[in-house]
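One structure is given below, encoded as structure tokens.
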Amino acid sequence: MTDVSNLEYTVDVQGLNKHFGNKHVVRDLSLRVRRGEIFGFLGPNGSGKTTTIRMMCGLLKPDSGTGTCLGYDILRDSAEIKRRVGYMTQKFSFWEDLTITENLDFVARMYEIPSRRQAVRESLEGLGLTARAAQLAGDLSGGWKQRMALAACMLHKPDLLLLDEPTAGVDPRARRDFWDEIQSLAAKGISVLVSTHYMDEAVRCHKLAYIASGTLLVQGSAAEVIAGQHLSTWAIHGNRLSELQQTLRQQPGVAQTVTFGDVLHVSGTDANQLQRIVESAVGSSGRRAEPIDTSLEDVFIYLMGRREEQSGGQP
Amino acid sequence: MKQRHGFSIARWWSLVLKEFTQLRRDRLTFAMIAGIPILQTALFGYAINTNPKHLDTAIISADDTNITRSIIAAMQNSSYFKVVGELPNEAAAREALARGRLLFVVSIPAGFTRQLLRHERPSLLIEADATDPTATGSALAAVNGIVQSVVQREIAGPLAMLQGGPAPFEVNVHQLYNPESITQYNVVPGVMGMVLTLTMVMMTGLAITRERERGTMENLLAMPATPMEVMTGKLIPYIGIGLIQASIILLAARFIFHIPFLGNIGAVYLSTLLFIAANLTVGITFSSLARNQLQAVQLAIFYFLPNILLSGFMFPFKGMPTWAQMIGNLLPLTYFNRLIRGILLKANGWADSWPNVWPMMVFTVALMAVAVATYRRTLD
Ligand SMILES: Nc1ncnc2c1ncn2[C@@H]1O[C@H](COP(=O)(O)OP(=O)(O)O)[C@@H](O)[C@H]1O
Ligand SMILES: [Mg+2]
């Protein structure tokens, strides 16, 4: 068996492709996750995140491409991969007609965990689920379901966690607790690949990848991803911003305009041109404009917009 | 490390436990397990147990004497037969039977009484519409007793010496439309095959599609269980359920319907086990084909219909057209019906049973291969 501590990359896949019927869902996707890294996987709904994760853990067979997970070939060694990876599905996929204990116990038996009872008990304690141990999993609220699912996929002490939108629909407090847990796991050397839609979660990842319509557009740390798009951004404060947004959007030097609450972000690739446009548009209207650092969110919205232009305006 | 790739008893057992626990919580399914055999046995059992009487009967009499009138009166008195009139000839009788206007025609040949007096053992012909053998069966069974009573009452005096010997006249029963006469004893064992077919195929079909429909299949597939462990682990509880259902029906057969158990009860259970296995393979194959639970139920019903119609349960097998027999020969229920009736009612042994055992074995092995081949190891 492979010693994970010697592995540089716990996930290393190249040129993955997947079709459903004649729909090309994942295109030439390559990505690498280092040991102990939290790798954020972002992209709009239907862009192929779940499909990619499923290919990594042997639940879907790629049409082409190669790769390894924890040093095991994703095509040939899916049995070994399944034993060592913790996969948390996007949709809650434990048995709602079993209690929490029964679910954990089943999982523990599946992985043939030694001193099973103790492992289950400790897992319940660790997640603060002991009081609810005899409750049917189906009766749990969303946040508790997530916690149980994470506890279950951690039971066999995997070296790699694949988490598919683990915090969708979970309240902010539970999300924060969840991320604290993930960061402490990563500190212990466990690699985590996590898909998410939340920007506050994205900034907590060591590395990010952004996928749109099956194509991986960027990959790197948050700073690298932002720098890679060469965007300058101005923030405009004031009233009747939507009118201003309409005019600015027509300008050739403006790549995108996004409203965040009462602030309008205007981004462009040519810093000087953008400055001229913004200053003349704001003029003496009483609005206030200032250059700011381009945020991750600005970049992702920009990437998504560009992707739509390229694919002929298809969402 | 290598041995962990094989079949793991521990994993397999955890799948069995999980299935049992889930079944226990599923009240409706649980009710069905006991409800279906009880309902079906009661419906079919009591339907056949009603002892139909006053069945329409016509007479073709070519010999009108005191004795023949006495015979007809005795039939009438037995309350099984209700004489509704006379018919001129055989052609008229056939037509009336074909149209379903009559259930019986009694033909008394010319010279019946004269032959009787000469000790020539004349025969009386009873033609019966045996399309529904449960309707005519008990009436025909009563005929011998009627003959006996007529002999005792009427044939006195100079003919007294005819008594005690063989019956002085014969009754030929001619069953029309149903060459392989099915008696009531045939029905309850048949119900067993029917109940097992319905519940086994449907429940296993649902067991796997349910995992897929609820999204739990993804979780199961992401765990290290092998397809063989998942499939057999899921089946074990249903084998238990099948045996419980069979026992309910066998108990009813024995103690409510007083069906004779002539054969070996161990052989009955072995046959049942083989039949359950055959049906479970059908169920898993369906669950691989079906996208959701509704489709699984539809497939189960689709499979159930030819089984109920063409297996010899509803209609006598030999009376079916060749094409129907060919389909029937592909169904395990056909063999199970013969097997279980043979063992229970005719005390058939191993040699008599074998022709019905091996087709079920072939069926099971072939379908298991199909099931394993079509089992989806991935979500593709
Ligand atoms: N089993 C499947 N069969 C057919 N199409 C699928 C299947 N799974 C996913 N898709 C399609 O593939 C695309 C990518 O889906 P998915 O990987 O779930 O995206 P994401 O997780 O990023 O939202 C979507 O258009 C989806 O409809
Ligand atoms: Mg998804």
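Letters A, B, ... mirror the listed sequences (proteins, then strands); counts begin at 1.
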Go through the steps to decide whether N219(B) and F92(A) satisfy the test side-chain contact (heavy atoms from CB on, under 4.5 Å), and finish with yes or no.
-> CA-CA 9 Å; N219(B) 210 335; F92(A) 182 72; over 6 Å; no
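The shortest non-hydrogen separation linking K91(A) to R214(B) is NZ-O, 2.8 Å. The heavy-atom pair separating L98(A) from Q22(B) by the smallest distance is CD2-CG, 3.6 Å. Heavy atoms only, all atoms of each residue included: T216(B) and F94(A) are closest at CG2-O, 3.4 Å. Between S93(A) and G215(B), the shortest heavy-atom contact is CB-O, 3.2 Å.
Judged as a ring-ring contact (aromatic ring centres under 6.0 Å, His included), the pairs with a partner in residues 141-168 of chain A (not counting sequence neighbours) are, in order, Y111(A)-H156(A).
For Y269(B), the OH atom is densely surrounded, since the number of other residues' heavy atoms within 6.0 Å is greater than 12.
Salt bridge annotation for R25(B)-E102(A): present, with a cationic side-chain nitrogen under 4.0 angstrom from a carboxylate oxygen.
Contacts with chain A were tallied for R24(B), M217(B), M223(B), E211(B); M223(B) has the most, counting heavy-atom pairs under 4.5 Å. Counting heavy-atom pairs closer than 4.5 Å to chain B, the top-ranked of the candidates M88(A), R109(A), M110(A) is M110(A).
For the atom pair W95(A) CH2 and R210(B) CZ, the distance stands at 12.5 Å (nearest 0.5 Å).
Looking at L15(B), both its backbone and its side chain come within 4.5 Å of chain A, counting heavy atoms on both sides. Contacts of W13(B) with chain A are made by side-chain atoms alone, with heavy-atom separations under 4.5 Å and no backbone atom involved. Residue contact with chain B, scored on non-hydrogen atoms closer than 4.5 Å, involves the side chain of L136(A) exclusively. In this structure, chain B has heavy atoms under 4.5 Å from both the backbone and the side chain of T99(A). At a 4.5 Å heavy-atom cutoff, the contact between Y87(A) and chain B is made by side-chain atoms alone.
Residues of residues 25-59 of chain A having a heavy atom under 4.5 Å from any heavy atom of chain B, listed by number: R54(A), G58(A), L59(A).
The closest donor-acceptor contact from the side chain of K82(A) to the backbone of L221(B) lies under 3.5 Å.
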